Amino acid sequence: MTHEPTPWSTADMARRAAREIPAGAIVNLGIGLPTQVGDYLPDGHAWLHSENGLLGIGPFPYEGDEDPNLINAGKQTITAVPGAATFDSAASFAMIRGGHVDLAILGAMQVSAAGDLANWAVPGGKIMGIGGAMDLASGCRHVIAMMQHVTKKNEHKLVRACDYPLTAARVVSLVITDLGVFQPTGDGFRVVDLAPGVTRDHAQARTGAPLV
Amino acid sequence: MTHEPTPWSTADMARRAAREIPAGAIVNLGIGLPTQVGDYLPDGHAWLHSENGLLGIGPFPYEGDEDPNLINAGKQTITAVPGAATFDSAASFAMIRGGHVDLAILGAMQVSAAGDLANWAVPGGKIMGIGGAMDLASGCRHVIAMMQHVTKKNEHKLVRACDYPLTAARVVSLVITDLGVFQPTGDGFRVVDLAPGVTRDHAQARTGAPLV
Amino acid sequence: MTGRHADKVVASVAEALAPLRDGMTFLVGGFGLSGNPEALIRGVIERGVRDLTIVSNNAGNLGKGLALWLKAGIVRKVICSYIGNNEDLHTRRASGEIAVEITPQGTLAERMRAAGAGVPAFYTPTGVGTVVEHGKETREFDGRRYVLERALPGDVALVRAHTADRFGNLRFWRTARNFNPVMATAAKLTLVECDHLVELGAIDPDNVHLSGIHVHRIVHVPEHENAFEYRNVRKRP
Amino acid sequence: MTGRHADKVVASVAEALAPLRDGMTFLVGGFGLSGNPEALIRGVIERGVRDLTIVSNNAGNLGKGLALWLKAGIVRKVICSYIGNNEDLHTRRASGEIAVEITPQGTLAERMRAAGAGVPAFYTPTGVGTVVEHGKETREFDGRRYVLERALPGDVALVRAHTADRFGNLRFWRTARNFNPVMATAAKLTLVECDHLVELGAIDPDNVHLSGIHVHRIVHVPEHENAFEYRNVRKRP
């Protein structure tokens with residue numbers, strides 16, 4: 001009996017990513033989808049770092065409590081958990097560059113079999129900027145990339161070599177997509193997990209490097 | 001009518017040095033004699049920086065108020081004035097190296113006509129260490145050196161070129177000795193001020209470079 | 001003879017901005033619209049200087065903050081880390097009116113920290129193997145490659161503080177701190193706009209975020225817009 | 001799978017020091033005898049490790065602080081800025097028992113700051129034209145010469161804090177802060193001895209001096225000697 005492939009929703013992906021976060025870890029969640037990973041972490045499980053100067057992001061504030069000067073890197077209003085600390089941008093990126101942040105979970109456009117990450121610019125597209133992406137990708141101890149498995153035009157995003165401008169080389173240790181969880185091995189991607197009904201063949205057909 | 005030369009006492013030298021400090025200046029007073037300069041500054045006249053992490057040194061504490069964890073760079077107990085701030089050693093030396101300290105008044109062993117300062121080691125002597133001397137001498141906007149005009153063996157200390165190990169090259173803008181105040185000019189020292197009864201000839205005989 | 005640290009409190013934004021000149025490089029605090037020196041930003045336009053270089057993480061957004069300078073046509077160049085949906089900057093970049101130099105955010109902060117700390121250049125892993133290293137020296141230390149980045153000083157820093165005493169000791173509020181302290185260290189002239197002005201001694205020495213050694217003029221601005229970019233909330237239980 | 005930042009508070013100095021090994025490099029906070037991690041310093045001797053490298057501004061004084069390690073014969077090398085009247089170090093340096101590397105104090109601080117900040121090397125004006133530049137690369141930027149200094153990381157940092165919460169957010173007291181925060185950032189394993197241990201949330205986020213991200217084990221030590229070196233006082237009026 002075969003099942004239709006049921007790709008993960010973004011919520012499923014965020015829930016799956018949350019499982020990769022050890023208790024007591026220091027984690028930076030990138031702007032967009034990665035920010036949602038925080039919704040699936042038990043209270044007090046990990047310490048969320050915001051590169052604009054906070055360690056200890058809490059949930060969104062209750063209505064009426066929002067403070068325009070307490071925001072995350074996506075400029076959303078947030079709260080601070082007990083035990084949080086604020087600091088300036090130089091100290092914040094010293095933490096990142098110095099390897100003190102255990103894990104970054106970042107959105108991605110392409111990830112190569114070597115673990116190269118491209119997530120800041122589309123060739124020929126409007127340049128939005130780099131922000132903290134390069135510092136996070138090259139500085140954090142581990143990097144997990146989250147993205148849809150293929151583009152809207154069905155182009156591969158897990159590739160042999162990135163043709164988008166790189167954010168950092170050889171940094172991604174795990175890729176979480178709507179089809180599953182994949183580990184760059186150098187010459188391909190090891191299949192760690194697959195979404196319900198997704199077969200290796202289904203995933204391989206949508207991946208630009210061998211699944212190993 | 002001639003007068004006997006009356007060299008300045010160390011208190012006279014400290015008082016004379018205090019006159020070189022503009023109102024509202026940030027000043028670092030070195031260990032030893034320069035520390036006494038603070039005694040001759042009106043309250044609130046200048047901000048005294050201590051490289052171990054305080055801006056705003058006050059007078060010595062009243063008996064019974066001394067705190068072993070509130071000390072100056074000479075490890076003497078001190079107080080903090082209203083408006084003082086504490087910071088760590090990296091921030092403190094960032095202030096020094098970054099040119100934010102207006103003036104350092106430092107003890108000296110030799111000063112050359114070019115403004116080279118030697119104040120941390122005697123050739124062949126026991127090495128006491130560098131401490132903050134090199135950072136202060138090379139980082140502060142202006143450096144005033146304070147010392148006896150000659151050694152106990154009557155050797156010159158204002159010299160053409162230092163033969164003691166340098167602390168920093170071309171940094172001293174003024175030398176205050178027991179005989180007067182002298183400004184390194186490159187090829188000699190300009191006489192700015194002389195102690196009572198001290199003549200140019202008297203000073204010249206005790207100076208290893210031309211008084212100009 | 002008067003030092004640089006007497007009588008810093010000025011009565012108005014205009015007085016704070018009097019030393020400005022055309023062509024200067026401005027380090028402007030803020031992350032997005034949070035922690036912006038709002039009154040100083042507005043004042044610069046009234047001051048009438050132009051041909052400015054801005055160093056700022058975002059250079060405004062939603063038409064606010066430094067977007068006012070972009071719209072006023074007084075900016076020649078922007079050094080920032082992220083443009084995002086700052087359409088005022090996208091437009092003027094596309095037309096060639098403004099040159100934009102994009103720098104990784106941590107490198108931007110560290111370059112200014114270096115400028116303030118008397119370090120002319122340093123090596124960093126950020127940007128190695130990317131377009132960021134183009135035209136720069138790279139070098140290996142202990143088997144890893146790094147790129148040489150230069151200090152980034154400014155002529156003027158515009159800083160927003162929560163509390164200032166009369167010497168310029170500063171405290172910041174939550175994530176409004178961001179680039180403000182490091183920019184204050186990196187400029188020849190640091191102008192501070194504070195929500196609260198207090199007497200000397202009102203801030204405990206151990207509670208000062210940034211020493212007044214880095215501050216040159218202070219203007220007290222009690223009211224701020226503090227615009228929201230994304231107002232995310234949850235329902236009360 | 002457990003991260004590095006769960007359950008940091010340990011019951012004893014001995015437990016805090018369990019991971020130590022012979023030959024490690026120790027960054028030890030303190031300026032003279034001020035802000036010394038006194039109990040951790042004593043505990044290292046009981047722990048029985050040897051062949052240590054110490055990085056410390058003074059490496060003890062008056063027979064106290066790190067002078068205890070010197071006397072115990074467990075130190076191979078000292079990197080410091082100032083020996084002064086630390087006779088225990090003068091003696092062992094003269095005999096060749098201990099190698100001593102003297103570094104300008106600001107360079108010492110900045111080298112550890114660099115290690116903690118992921119910067120492998122930086123240029124500084126300090127020491128140019130002196131013995132400090134011997135054997136090092138120098139280079140001109142904008143007409144001024146600078147010397148290249150390398151980051152100085154440690155295996156272990158021993159840190160004294162005034163207050164710690166259970167995550168390791170730290171506050172320091174007055175000039176007892178000195179090298180403690182920067183050393184905490186520069187070591188693989190940072191052990192903190194605090195006078196006061198408080199619950200999470202007891203320190204306002206804006207009042208944290210050093211984030212717990214840099215702290216790995218915390219031991220509460222309520223009593224300290226806090227020795228004076230020079231007790232200077234004035235008479236009450």
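First the proteins, then the strands, lettered A, B, ... as listed; each starts at 1. Everything quoted here is computed from the prediction, not taken from an experiment.
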Most heavy-atom pairs under 4.5 angstrom with chain B, which of Ala117(C), Ala115(C), Gly118(C)? Ala117(C)

On the 0 to 90° scale, with breaks at 30° and 60°, tag the His214(C)-His100(B) ring pair as parallel, tilted or perpendicular. perpendicular

CD of Glu140(C): more than 12 outside heavy atoms within 6.0 angstrom? yes

4.5 Å side-chain heavy-atom contact, Val208(C) and Phe87(B): no

Do His5(C) and Asp102(B) come close enough that some side-chain heavy atom pair is under 4.5 Å? yes

Of the backbone (N, CA, C, O) and the side chain (C-beta and beyond), which part of Arg166(C) lies under 4.5 Å from a heavy atom of chain B, both, or neither? neither

Ser211(C) and Met95(B) have their tightest heavy-atom pair at CB-CE, 3.7 Å

Relative to chain B, which of Thr185(C), Val198(C), Asp7(C) shows the most heavy atom pairs under 4.5 Å? Thr185(C)

Look at atom CZ of Arg170(B) and say whether more than 12 heavy atoms of other residues, nucleotides or ligands are closer to it than 6.0 Å. no

Atom pair CD1/CG of Ile213(C) and Leu55(B) - distance to nearest 0.5 Å: 5.5 Å

Could you check whether atom NZ of Lys136(C) has more than 12 heavy atoms from other residues, nucleotides or ligands sitting under 6.0 Å from it? yes

Side chain, backbone, both or neither of Val81(B) within contact of chain C (heavy atoms, under 4.5 Å): neither

Which atom pair, heavy atoms only, marks the closest approach of Asn169(C) to Ala84(B)? ND2-O, 4.3 Å

Chain B interface, residue from Gly168(C), Pro205(C), Gly201(C) that has the most non-hydrogen pairs under 4.5 Å: Pro205(C)

Between Asp206(C) and chain B, which part of the residue has a heavy atom less than 4.5 Å away: side chain, backbone, both or neither? both

Crowding at NE2, His45(B) (>12 non-hydrogen neighbours, <6.0 Å): yes

